[in-house]
Protein chains: 2
Amino acid sequence: MSRKNIETRNRILESTWRLLEADPGNKVRMSDIAKEAGISRQAVYLHFPKRADLLVATTRYLDEVSDIDARLAASRAAKTGLERLDAFIEAWGNYIPEIYGVAKALLAMQDQDEAAYNAWQGRMQAVREGCEAAVNALDRDGRLTADLSKKEAIDLLWTMLSVRNWEQMRGECGWTQARYIEVTKAFARRALVVDEA
Amino acid sequence: MSRKNIETRNRILESTWRLLEADPGNKVRMSDIAKEAGISRQAVYLHFPKRADLLVATTRYLDEVSDIDARLAASRAAKTGLERLDAFIEAWGNYIPEIYGVAKALLAMQDQDEAAYNAWQGRMQAVREGCEAAVNALDRDGRLTADLSKKEAIDLLWTMLSVRNWEQMRGECGWTQARYIEVTKAFARRALVVDEA
DNA sequence: TGTCAACTTTACACGGTGTCAAGTTATAGC
DNA sequence: GCTATAACTTGACACCGTGTAAAGTTGACA
């Protein structure tokens, strides 16, 4: 497994992260990343043949560093469906800002690059599974609205929790992170949850 | 006003529309458009100096052709806030599929091109005004939820009605257009509307 | 007949990605 | 101590799409 020098590799990933974090809008080029990492542009290509590969690897790296699994554990541990819904929204909703820079870059490549598309799709699938688990838990408690099929409920929650929506609320609308979480939770309840029988 | 031959101009706009409509994902190049319009690539540049200009002009063209103003008239004519909310969601929600191709292209340029950014922002501002009017109407009727400030209510409705959300529901989730409208309406009510006093 | 506008043709600069090949350097194995 | 190799550097270049530039064609109109 030709992963060359792992230290260099990590420096590249760190640099990519830092640059995208600092400037999620502006286009970060391969040469920018190389400069930031203090190596030649070609060395970056030695580790990551395509730009998409680098972005994908960076998200995986962030997943490791941020230990997203541990964060989601709380939602899995929740007893009631409502608790699970809240915990999941909190875990994911607070993870978004940390991956936003990279996510935006990956999102922008989706239409041009197959690998980027699949990578993003995969991540979103994971989020969807979290939504599914929350909806299932609600359903078990008999608290899921009858207005939507289970699939529709998952679709709706999943859409609600999209990075784009977070971006719009926090960016264009100027909401605080705390308010975003708060309103999203309330919103999800109103949309999906029905009063106790 | 150097708008050259208006027939050619319209042919370019029509071609742009057709191509983007047919393939909203794939990148439509200036040369593709020229070929479709049966003219040289340079002739396109004679009418639209930048790609962004062309996309912006195409959205304006679509606005004219589709007569979006007339469609929104219904929501303006609504008596109650609830009616206004429904009518607006229906008008805008059903307009999205018609502009989706061009919208997606314009959206993709946002980060690179100032003009594209402003153009899209402007369109979204118009949508936001529709949201604002609906929220105001609800408020006048005393039916607006107390959980959100008026601005927050507008923000939320506006976000809910984003092209990205439509894209996700109809695309990834596979919803029908009718169901999208239906659920969005119900959803907006749950989020924003409170029972009569 | 000549002029002008609209368009064509050809060519090229630019920026960013990705490729190629030759050169350097540290280090590990013999 | 010599050499082979992995990791990286340097420099050049092809490719693609946008946008610019300039000279040539065509038809209409005056």
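Every chain is numbered from 1, with letters handed out A, B, ... down the list of sequences. Nothing here was measured: the structure is a model prediction, and the numbers come from that model.
- Regarding B:Met30, its CE atom lies at a distance of 13 Å from the P atom of D:dG17, rounded to whole Å.
- You'll find that the side chain of B:Arg51 is closest to D:dG19, out of C:dG18, C:dT8, D:dG19.
- Between the CD1 atom of B:Ile12 and the C1' atom of C:dA6 there is a distance of 11 Å, rounded to whole Å.
- C:dC7 atom P lies 7 Å from atom CD1 of B:Ile39, rounded to whole Å.
- One donor-acceptor pair, N or O on each side, does fall under 3.5 Å between the base of D:dG19 and the side chain of B:Arg41.
- For A:Gln42, the listed nucleotide lying nearest its side chain is D:dT9; candidates were D:dC13, D:dT9, C:dC7.
- Here A:Glu182 pairs with A:Arg179 in a salt bridge; the nearest charged N to carboxylate O distance falls below 4.0 Å.
- Taking a cutoff of 4.0 Å between a charged side-chain nitrogen and a carboxylate oxygen, B:Glu36 and B:Arg11 do not qualify as a salt bridge.
- Using a cutoff of 4.0 Å between basic side-chain nitrogens and carboxylate oxygens, A:Lys185 and A:Glu90 are scored as salt-bridged.
- Regarding B:Leu46, its CG atom lies at a distance of 10 Å from the C1' atom of C:dA5, rounded to whole Å.
- One interatomic measurement links the two molecules: CZ of B:Arg9 to P of C:dC7, which rounds to 12 Å at whole-angstrom precision.
- Annotation: side chain of B:Met124 is not in contact with side chain of B:Gln121 (no heavy-atom distance under 4.5 Å).
- Distance B:Asn10 CG to C:dA6 C1': 15 Å, rounded to the nearest Å.
- Using a 4.0 Å heavy-atom cutoff across all strands shown, B:Lys50 reaches sugar-phosphate atoms only and no base atom.
- Side-chain N/O atoms of B:His47 include none lying less than 4.0 angstrom from OP1 or OP2 on C:dA6.
- B:Lys35 places its NZ atom 15 Å from the P atom of C:dT8, with the value rounded to the nearest Å.
- Between A:Tyr45 atom OH and D:dC15 atom C1' there is a gap of 12 Å when expressed in whole angstrom units.
- A salt bridge is defined here as a Lys NZ or Arg NE, NH1 or NH2 lying under 4.0 Å from an Asp or Glu carboxylate O, and A:Asp63 with A:Arg123 meets this definition.
- With C:dC7, C:dT8, D:dT18 as the candidates, the nucleotide lying closest to the side chain of B:Ser40 is C:dT8.
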